Protein chains: 2
Amino acid sequence: MNITLIGAGSMGAGFVKQLTAAGHQVRVTSRDLAKAEALAVAHAGATAVAPADALGDSLVVIVATSYADAVPALKALGSLEGRIVIDITNPLTADYMGLTLGHATSAAEEIAKALPGAQVVKAFNTVLAQVLAEGPAFPNGQTVPVFYAGDDERAKQTVRALAESIGFQPVDAGGLKNARYLEPVAGLNIYFAYGAGQGTQIAPTWIRRG
Amino acid sequence: MNITLIGAGSMGAGFVKQLTAAGHQVRVTSRDLAKAEALAVAHAGATAVAPADALGDSLVVIVATSYADAVPALKALGSLEGRIVIDITNPLTADYMGLTLGHATSAAEEIAKALPGAQVVKAFNTVLAQVLAEGPAFPNGQTVPVFYAGDDERAKQTVRALAESIGFQPVDAGGLKNARYLEPVAGLNIYFAYGAGQGTQIAPTWIRRG
């Protein structure tokens with residue numbers, strides 16, 4: 001496949017490595033052309049090009065810039081009519097700990113606001129009822145996680161112990177604000193179960209290496 | 001642990017089963033007390049109680065109603081000062097395919113709006129650069145997924161083929177609007193990697209049973 005890649009940072013470098021290894025032709029462009037050239041020198045199948053020359057006959061454009069730079073960098077390529085743009089960006093805040101757009105509150109935060117004095121902890125919202133009913137043991141020794149997020153450390157420890165007592169794997173997901181992440185995780189879970197028809201014995205989890 | 005549970009629907013029933021099996025004392029209340037009573041009859045360790053009597057000396061209150069009912073149902077218990085409230089709700093739309101609050105747009109949708117004519121597909125945003133660099137093979141035969149969301153079927157098939165060509169597991173995540181889910185999934189991934197200090201060889205995935 002002929003692919004244009006915008007960005008020669010860490011995601012860009014990863015794409016050049018993996019795409020050229022798979023035999024794709026990659027045209028790399030970057031605000032810093034020297035970085036694109038360094039990637040091209042290191043990987044046969046990759047060439048460094050200026051933004052105006054970057055489109056060529058590429059079917060696919062991968063935008064591996066920051067979200068703030070994505071639209072200007074894409075527009076610098078010229079008309080994208082009929083091209084496929086793969087948006088890999090996340091609209092992160094400067095400290096990486098939040099999103100700059102998309103969501104502004106969560107059910108958990110609204111509930112906490114309505115109940116001053118109560119220690120609200122978001123938890124179990126990514127566990128489908130059918131999974132809760134049959135329990136946390138999944139194939140290959142996997143245990144369904146319970147993500148919990150809250151602002152009171154003692155309350156969180158209690159919820160952790162509670163999840164553990166019924167066999168689930170408790171996972172600390174940070175402050176109550178992170179319900180803004182957990183609720184969309186559940187949204188995707190419900191989409192997979194019902195919207196995509198995968199059924200209800202599914203659960204989101206995280207995998208690790210090394 | 002002494003626990004108050006609001007709601008006798010499918011999540012409520014699952015909690016009664018799992019919590020009583022683990023030896024917890026559960027006070028179940030519900031708008032429909034007959035359903036709470038049916039659960040109490042079926043599970044030693046559970047008792048059905050009216051909302052005004054539901055709090056008792058419970059340390060923890062689990063709210064297993066819909067999000068719309070959560071605050072009124074919690075307030076019906078009386079003062080929650082010092083109690084731990086576990087919010088398991090998701091603010092779902094009537095068709096379960098969206099959230100009613102929290103997020104209103106996504107980077108992918110903004111990019112698509114700015115580039116009419118281009119087929120924008122959200123993908124790879126949940127893959128950390130360090131995971132991309134080292135490749136998709138995780139322990140125990142696990143393969144890192146690439147979730148892709150878009151509104152053009154042909155563009156999605158191309159992105160699917162691209163992800164597959166470099167060894168990742170492509171997962172259809174629906175229309176471009178579901179970038180509103182995928183970007184927060186990435187937000188949580190980045191929180192785990194950097195905020196919680198778990199390191200960068202991690203990835204979100206879904207597990208299945210049965």
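Predicted, not measured: the structure shown is a model, and the values here were computed from it. Just so we're on the same page: letters track the sequence lines, and every chain starts at 1.
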Please determine, among [options], the option with the most heavy-atom pairs under 4.5 Å with chain A.
options                                : result
B/Gly187, B/Gly167, B/Ala114, B/Ala193 : B/Gly187
B/Ala108, B/Ala22, B/Ala173            : B/Ala173
B/Pro116, B/Pro204, B/Ala129, B/Ala64  : B/Pro204
B/Gly23, B/Pro184, B/Gly14, B/Gly210   : B/Pro184
B/Leu19, B/Val16, B/Thr126, B/Leu128   : B/Leu19
B/Ala104, B/Ala155, B/Ala123           : B/Ala123

Interchain contact, [X] with chain A, by part (heavy-atom threshold 4.5 Å):
X        : result
B/Val131 : both
B/Val185 : both
B/Arg180 : backbone
B/Ile62  : side chain
B/Ala203 : both
B/Leu115 : side chain
B/Asn140 : neither

| What part of A/Glu183 lies closer than 4.5 angstrom to a heavy atom of chain B: side chain, backbone, both or neither? |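 Both backbone and side chain.
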| task | Begin with the C-alpha distance, continue with both residues' side-chain angles, and end with the deciding distance and a verdict on side chain to side chain contact (heavy atoms under 4.5 Å, CB included) for B/Phe192 and A/Tyr181. | result | CA-CA 12 Å; B/Phe192 286 144; A/Tyr181 296 152; over 6 Å; no
If you tally heavy-atom pairs under 4.5 Å against chain B, which of [options] wins?
options                               : result
A/Leu162, A/Val71, A/Asp152           : A/Leu162
A/Val85, A/Val146, A/Val159, A/Leu74  : A/Val85
A/Ala112, A/Gly135, A/Ala21, A/Ala186 : A/Gly135
A/Ile88, A/Leu80, A/Val63             : A/Ile88

Can you measure from [atom1] ([X]) to [atom2] ([Y]) and round to the nearest 0.5 angstrom?
X        : Y        : atom1 : atom2 : answer
B/Asn90  : A/Asn125 : CG    : CG    : 4.5 Å
B/Leu132 : A/Lys17  : CG    : NZ    : 8.5 Å
B/Thr89  : A/Phe124 : OG1   : CZ    : 14.0 Å
A/Gln130 : B/Arg209 : CD    : CZ    : 10.5 Å
B/His24  : A/Ser165 : NE2   : OG    : 2.5 Å
A/Tyr148 : B/Ile86  : OH    : CD1   : 11.5 Å

| task | Search all heavy atoms of B/Gly174 against all heavy atoms of A/Tyr191 and return the closest pair with its distance. | result |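 Nearest pair, atom of B/Gly174 first, then A/Tyr191: CA-OH, 3.2 Å.
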| message | Looking at every non-hydrogen atom in both residues, tell me the closest pair between A/Ala70 and B/Ile111 and how far apart they are. | response |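 Smallest heavy-atom distance, with atoms named: CB-CD1, 3.8 Å.
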| field | Candidate pair B/Ile84 and A/Lys156, rule side chain to side chain contact (heavy atoms under 4.5 Å, CB included), full reasoning | value | CA-CA 9 Å; B/Ile84 296 168; A/Lys156 285 175 70 173; over 6 Å; no
State, with a plain yes or no, whether a side-chain heavy atom of [X] is found less than 4.5 Å away from one of [Y].
X        : Y        : value
B/Arg208 : A/Gln201 : no
B/Tyr67  : A/Glu110 : yes
A/Trp206 : B/Thr205 : no

| query | Is the backbone N or O of B/Ala118 less than 3.5 Å from a side-chain atom of A/Glu81, with the two atoms forming a donor-acceptor pair by type? | reply |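 The answer is no, because no donor-acceptor pair under 3.5 Å joins these two groups.
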| field | Test side chain to side chain contact (heavy atoms under 4.5 Å, CB included) applied to B/Ile207 and A/Ile202, step by step | value | CA-CA 6 Å; B/Ile207 55 176; A/Ile202 64 169; over 6 Å; no
| chain A neighbours within residues 2-13 of chain B, where any heavy atom lies under 4.5 Å away |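 At a heavy-atom separation under 4.5 Å, chain A is reached by B/Ile3, B/Ser10, B/Met11.
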| message | side chain to side chain contact (heavy atoms under 4.5 Å, CB included), that's the test. Do B/Val121 and A/Asp87 meet it? Break it down for me. | response | CA-CA 6 Å; B/Val121 177; A/Asp87 165 30; over 6 Å; no
| said: Pairing donors with acceptors under 3.5 angstrom, does anything connect the side chains of A/Arg83 and B/Gln119? | reply: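 Their side chains do not contain a donor-acceptor pair, so the 3.5 Å distance test is not met.
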